[in-house]
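Remarks on the structure that follows.
Just so we're on the same page: letters track the sequence lines, and every chain starts at 1.
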Amino acid sequence: MPRANSNLLVQSLRGTSQVFFIENALTGVLFFAAMAYASSVTGNWATTIGAAIGVLVATLTARLLECDDPSVSSGLYGFNGVLVGAALPTFIAASPQLWASIVIGAAASTVFTAAFSATLTGKWGIPGSTGPFVLTGWLMVAAAYSFGGLHVTGDAPKLAGDVVPNLTGIPAPMDLVAIFFRNIAQVYLLGSAVSGVIILAGILIASVPAGIAAAAGSLISMIVAIAMGADPKAVSQGLYGFSPVLTAMAVGVVFLTPSPRVAVYAGLATVMTVFVQGALDVMVAPAGIPSFTAPYVLTMYLFIAPKKLMAPHPHGPVADPMIDDQGNAPGKVPVHAAGTAR
Amino acid sequence: MPRANSNLLVQSLRGTSQVFFIENALTGVLFFAAMAYASSVTGNWATTIGAAIGVLVATLTARLLECDDPSVSSGLYGFNGVLVGAALPTFIAASPQLWASIVIGAAASTVFTAAFSATLTGKWGIPGSTGPFVLTGWLMVAAAYSFGGLHVTGDAPKLAGDVVPNLTGIPAPMDLVAIFFRNIAQVYLLGSAVSGVIILAGILIASVPAGIAAAAGSLISMIVAIAMGADPKAVSQGLYGFSPVLTAMAVGVVFLTPSPRVAVYAGLATVMTVFVQGALDVMVAPAGIPSFTAPYVLTMYLFIAPKKLMAPHPHGPVADPMIDDQGNAPGKVPVHAAGTAR
Amino acid sequence: MPRANSNLLVQSLRGTSQVFFIENALTGVLFFAAMAYASSVTGNWATTIGAAIGVLVATLTARLLECDDPSVSSGLYGFNGVLVGAALPTFIAASPQLWASIVIGAAASTVFTAAFSATLTGKWGIPGSTGPFVLTGWLMVAAAYSFGGLHVTGDAPKLAGDVVPNLTGIPAPMDLVAIFFRNIAQVYLLGSAVSGVIILAGILIASVPAGIAAAAGSLISMIVAIAMGADPKAVSQGLYGFSPVLTAMAVGVVFLTPSPRVAVYAGLATVMTVFVQGALDVMVAPAGIPSFTAPYVLTMYLFIAPKKLMAPHPHGPVADPMIDDQGNAPGKVPVHAAGTAR
């Protein structure tokens, strides 16, 4: 178990790593490197700066609200904020109101994390995970359509029937390798395969099983998305893979005790996540908002809720994080948002 | 109480009957006869075959996941799967990907049934009922718009304002009789009055009160829909009646102890379901998905949640099923999805 | 604590005042005066008459269902009904079916209030507040698109991208004063500043802190909406202020013990409510329904859920109402919907 740490920077870096269920400041540094690399390619530095502001504000808000210390120290109040900060500049053009939205959204994400913890986790044992990010992100991007000070740069709102899959066959082998890594990078809303390599490295230095689950999730999602005839452009950008990557990690190794039976269960969950991705993309399109990690969140909630179906994790959904900055207890990954249930 | 039965076929037929809150393999056989009759009329056999695959896969998944034996034996893990299997070929053209979707959707419906049971039923005493079917059906049909391998054959997505009621007066008496039975048949997504007759017979052989409640629900919904000026074409197809039929049965005789006071309460619930039908049709139209039994599910959840308002069923929402294959305990109907709460 | 009262009229007037968390029949009279004034200006008396029918039907339904006496006496089963009755004629043209919808909707709102109480409040300590009104209002207005007997007079359904903010600068000082009061009047769906003055007076005679919180909420929302560049026409009509007014009252003085720390927390909640208003307006636009008080309801639920973050109200969310008809215990306001949790 990593040592408690009252340093805001360490707590924020751990929050950054918790997006992938890891509590490790070094992993957090690598994740920021992945974001910075993608920003250097796209020229949009607002995403990386937004992420930094988001995780700092969210963590600081948790301290001001006197949320429970171990959770704050573990970064469990920071990972939704870092995603809010990375996501808003991805879909909204830079303006003074954008920066205000990031600060308010990140602060609100901490309150929402506490709310999800008190309800979902407290009564049903379901980890909130990135649910608060999805909710905050949806509200802030949707609000942007109402506010002259915010300009949405993403796809225009449309009806489900206007989502036309453009089936052009199976990608070339080298493209498949790039997709494999983009599936991982897109968890941080990054379209760069190199960023995906850096992020996978960050996961592996903290937990080999977590890295294997992430890789398996990426692979499964690619196969299912191509077999179902999903839009090749979206598949190529990694947009069909990031939620399944999180599902494979969460259901396969983080919230349930790994076993062959759990692996099959996680496999079904991962396949289902690809369908939920296709579904939610269509369902939120009229509102003009991206589905974010909602496909992972919804599927994970539903597969974790029936606890008795699977042997519960010995430490349950409120387990102590087990991979610390020193890399102790390899093979175990810390829980995600679960500590906030205490 | 019907005898526990470990035969997959019996369990699946009981699951088929549980769509109408009945645990009776013979009733299940009659329901399949109703589906087959409708298929012979429309020429679309994929719905009947899909239903068979759905209930088998869902029941088998429950056995593999080691869900509690009495619930599996009672068919409580099968009725969402049979509906998923019947619904997907109704709205998606046959293709290899359709059959894959039915298998994955039916398996997922079992996990969702367990999830609803652990949360809604476990903490709030609200039966999940066909909620897992609605959720799975929405996800799979919406996903079909994203996948080139799935082609949606139903109505195109549209805005609420494009839903124009086409008021052409009150149907003729003979039409009313057909509507009365189609309201019942549409629970299984069937547009045939003859199928409705077979289904009502299947209910009556297991429980006379359940049959009376179904008939009352059909009648009330017809009156309200016509009085409110609902689209006569939709009314004629039975699309305004199937959810109220389920509400009348669930609130009137299944989850609460029948009494004059409960009858009035169930009457209000049934009337409200017609409004919810009109509302949800409009609300899900932009996503291009049918409302399925969501009007029943939403209304029933809200009318069952405030338990203290009504004298609880002596066996509560976790009562043992009480009408078995031998027709014992006539006048009592088994609970629906409730047994899964145990 | 106000005396229990079994008079239907007194209970209904208290229900009218409970929209603003007040249990005071005189305040209820003033609120009806505010509605009548607005009706005299617009010429649409159906809203005031609908409100009267709504609160009477909702309260009577609670008595028939034998809901707990103290809550019925306090008006906690009436405030959702009065809003349903005021809202439906605001968005639907008068017709026999409209009046039927008000009666059925008001009766259903009582059942929904009991359902929210049994689930949200009973297990999570979150007050249902005007959630049942939002749900009923959405269902009834959406249903109107399906029914020839109901004609929606509000904005046509549209996609998010068609919501074009029309930025024309900051309103003149005198306009700001009118907006300040319209923000309060719009809680009752009234566009009249004079009605807002009457309502604020009704709040102040029962509780000065509640009045201050309402004023602060109106002020904050005005600043945030203008700074974000919200549509000036909507801002001018008070449409960006009514939900924040309720949030400021609920989070600042009603459900948490007032303190400087709670004031900051309520401030964040109030600011966030303006964003949620902008978001939900866009998200429900394709369904052609107004967002009603959903921005308040969603934000309040999320900010009240994590109880441990803030020192709980000494009387908790199930406190006894504390401002009675005689104005006892000034400085304390009664809880809203909370009493229904018992």
Side-chain angles (χ1 to χ4, degrees), chain A residues 61-62 64-68 95-98 100-101 103-105 107-120 122-124 128 132 135-152 154-160 162 283-289 340 342, chain C residues 119-120 123-126 157-169 224-232 234-235 239-240 251 261 264-265 268-269 271-287 291 295 298-299 301-311:
Chain A
T61 304
L64 292 175
L65 292 176
E66 297 178 8
C67 297
D68 75 305
S95 74
Q97 284 92 339
L98 168 65
S101 302
V103 171
I104 291 161
S109 80
T110 292
V111 176
F112 295 176
T113 298
F116 276 54
S117 176
T119 51
L120 276 189
K123 299 292 174 191
W124 290 336
L135 180 58
T136 311
W138 280 354
L139 292 172
M140 295 323 238
V141 173
Y145 290 98
S146 291
F147 294 152
L150 296 173
H151 179 63
V152 182
D155 287 347
K158 54 180 169 292
L159 291 174
D162 301 328
M283 293 169 90
V284 301
I289 52 178
T340 59
R342 284 171 297 194
Chain C
T119 50
L120 275 189
K123 300 292 174 188
W124 290 335
I126 300 172
K158 54 180 170 290
L159 291 175
D162 302 328
V163 180
V164 182
N166 177 21
L167 195 63
T168 60
V224 175
I226 292 170
M228 295 305 298
D231 179 12
V235 173
L239 296 176
Y240 269 96
V251 179
R261 195 147 162 272
V264 174
Y265 190 67
L268 174 62
V271 170
M272 189 64 194
T273 306
V274 179
F275 282 85
V276 180
Q277 179 73 51
L280 290 187
D281 284 352
V282 162
M283 292 169 91
V284 301
S291 55
L298 178 59
T299 311
Y301 284 1
L302 288 162
F303 273 77
I304 293 298
K307 291 242 162 30
K308 288 169 196 159
L309 292 188
M310 294 286 142

C:D281 and A:Y145, any side-chain heavy atoms less than 4.5 Å apart: no
Minimum heavy-atom distance C:K123-A:K123, with the two atoms named: O-CE, 2.7 Å
Residue part contacting chain A, namely of C:A225, when any heavy atom lies under 4.5 Å: neither
Which residues share a side chain to side chain contact (heavy atoms under 4.5 Å, CB included) with A:A62, sequence neighbours left out: A:C67, A:V72, A:Y77, A:T110
A:L64 portion near chain C, given a 4.5 angstrom heavy-atom threshold: backbone
Validation row: A:F112, C:T299 side chains within 4.5 angstrom (heavy atoms): no
Interatomic spacing from CD in C:Q277 to OG in A:S146 - rounded to 0.5 Å: 8.5 Å
Any A:F147 side-chain heavy atom under 4.5 Å of C:D231 side chain: no
Partners passing side chain to side chain contact (heavy atoms under 4.5 Å, CB included) against A:A100 (at least two apart in sequence or in another chain): none
Residue among A:L139, A:T136, A:I104 satisfying side-chain contact (heavy atoms from CB on, under 4.5 Å) with C:F275: A:I104
Part of C:L268 within contact of chain A (heavy atom distance under 4.5 Å): side chain
Shortest non-hydrogen separation from C:A227 to A:Q97 and the atoms involved: O-NE2, 2.9 Å
Over all atoms of both residues, closest heavy-atom pair of C:L302 and A:F116: CD2-CE1, 4.1 Å
Contact origin within C:V284 toward chain A - heavy atom pairs under 4.5 Å: neither
For A:A114 against C:P306, the heavy-atom pair lying closest together: CB-CB, 3.4 Å
Closest non-hydrogen atom pair between C:A305 and A:T119, with its separation: CB-CG2, 4.2 Å
Interchain contact, C:L120 with chain A, by part (heavy-atom threshold 4.5 Å): neither
